[in-house]
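Worksheet for the structure shown next.
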Amino acid sequence: MANVVQIKNIIEALPTLIIYVVPGYIILWIIAFNLTQEINKDNHIILKSLVISYLLVNLIKAVAPIDSPKTIVFILILSVFLGFAISKFITSYSFSWMLQFLKIYRTPQSNIWLDILDFTHGVWARVYIPSEKIIYEGALIKYGQSGDGANHYILLSNYIAYSYESEILEDNSENNTYYVAVNIKDISRIELIYNPKSKKIL
């Protein structure tokens, strides 16, 4: 009988437990996803979720009862919106400018390639592969990694491949249906050329 009572108490407390953990976790998960961070490696994720949820719930509590199903749904939807809004701001040019203004020369990104890529004006890359003595030159359009995270790649389009002796081996500069994926660990040097209008130019 005691077990039945305990289970009933847990079920009754479940909405409260959810509302004080899930909103914060949703916000942190969305931010981590957009910044390519691994949230499962954060040993304090539950504590952070509790703190964020507590602050959010108490703000909502001032204008609406949190035991209402509609309020709970509203808080969860608001958490999704806040997660995207915060991550969008962190990855914005305005945030980068603010960090530079404060003389903070660090990036919030866990991946420097997200700072390098310019999705508005594009960026041209010249990539040197010493093991094959090949140079790839093309539009840097994407960065990615293998499923296990062991290998990281950049993707070039409209590329030209030529040898260290400047002999053209392949010319797809006028063909945007050809791409080449280059393993970052094979690169000895990469040169980047930005559009003069790019906000990535410091």
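The nearest pair of heavy atoms linking I19 to V57 is O-CG2, 3.4 Å. V21 and S49 make their closest contact through O-CB, 3.5 Å (heavy atoms, listed as atom of the first residue, atom of the second, distance). Of all heavy-atom pairs between P23 and L76, the closest is CG-CD2, 4.2 Å. I31 approaches G83 most closely through the heavy-atom pair CG1-O, 3.7 Å. V22 and S53 make their closest contact through N-OG, 4.2 Å (heavy atoms, listed as atom of the first residue, atom of the second, distance). The nearest pair of heavy atoms linking S173 to D171 is OG-OD1, 2.7 Å.
When hydrophobic clusters are built by joining Ile, Leu, Val, Met, Phe, Trp and Tyr residues whose side-chain heavy atoms come closer than 4.5 Å, directly or via intermediates, I187 is not grouped with I160. Residues I27 and V80 share a single hydrophobic cluster, defined by chaining ILVMFWY side chains whose heavy atoms lie under 4.5 Å apart. When hydrophobic clusters are built by joining Ile, Leu, Val, Met, Phe, Trp and Tyr residues whose side-chain heavy atoms come closer than 4.5 Å, directly or via intermediates, V182 is not grouped with I193. Residue V51 is not grouped with residue L59 when hydrophobic side chains (ILVMFWY) are merged at heavy-atom distances under 4.5 angstrom, including chains of intermediate members. Y136 is connected to L169 through a chain of hydrophobic side-chain contacts under 4.5 Å among Ile, Leu, Val, Met, Phe, Trp and Tyr, so both are in one cluster.
Y143 OH to H152 NE2: the interatomic distance, rounded to the nearest 0.5 Å, is 4.5 Å. Rounding to the nearest 0.5 angstrom, the gap separating the OG atom in S188 from the NZ atom in K185 is 15.0 Å. A distance of 7.5 Å separates CD1 of I52 from CD1 of I86, quoted to the nearest 0.5 Å. Distance check, rounded to the nearest 0.5 Å: CG of L28 to CD1 of I46 gives 10.0 Å. Taking CG of N183 as the start and OH of Y153 as the end, the distance is 4.5 Å to the nearest 0.5 Å. Between the CG atom in L82 and the OG atom in S87 there is a gap of 10.5 Å [rounded to 0.5 Å].
Within a 6.0 Å radius of CZ in F81, other residues, nucleotides and ligands contribute 12 heavy atoms or fewer. Within 6.0 Å of the OH atom in Y54, the count of heavy atoms belonging to other residues, nucleotides or ligands does not exceed 12.
For residues 160-181, no residue pair satisfies the ring-ring contact (aromatic ring centres under 6.0 Å, His included) rule, not counting sequence neighbours.
For the pair E191/Y128, a side-chain contact is recorded, criterion being any heavy-atom separation below 4.5 Å from C-beta on. Here the side chains of V180 and L155 are not in contact, with every heavy-atom distance at 4.5 Å or above. Counting only heavy atoms from C-beta outward, the side chains of L156 and L140 approach each other to under 4.5 Å. In this structure, E132 and D186 have side chains that are not in contact, with every pair of non-hydrogen atoms separated by 4.5 Å or more. Under the 4.5 Å side-chain criterion, counting only non-hydrogen atoms from C-beta, S163 is not in contact with I135.
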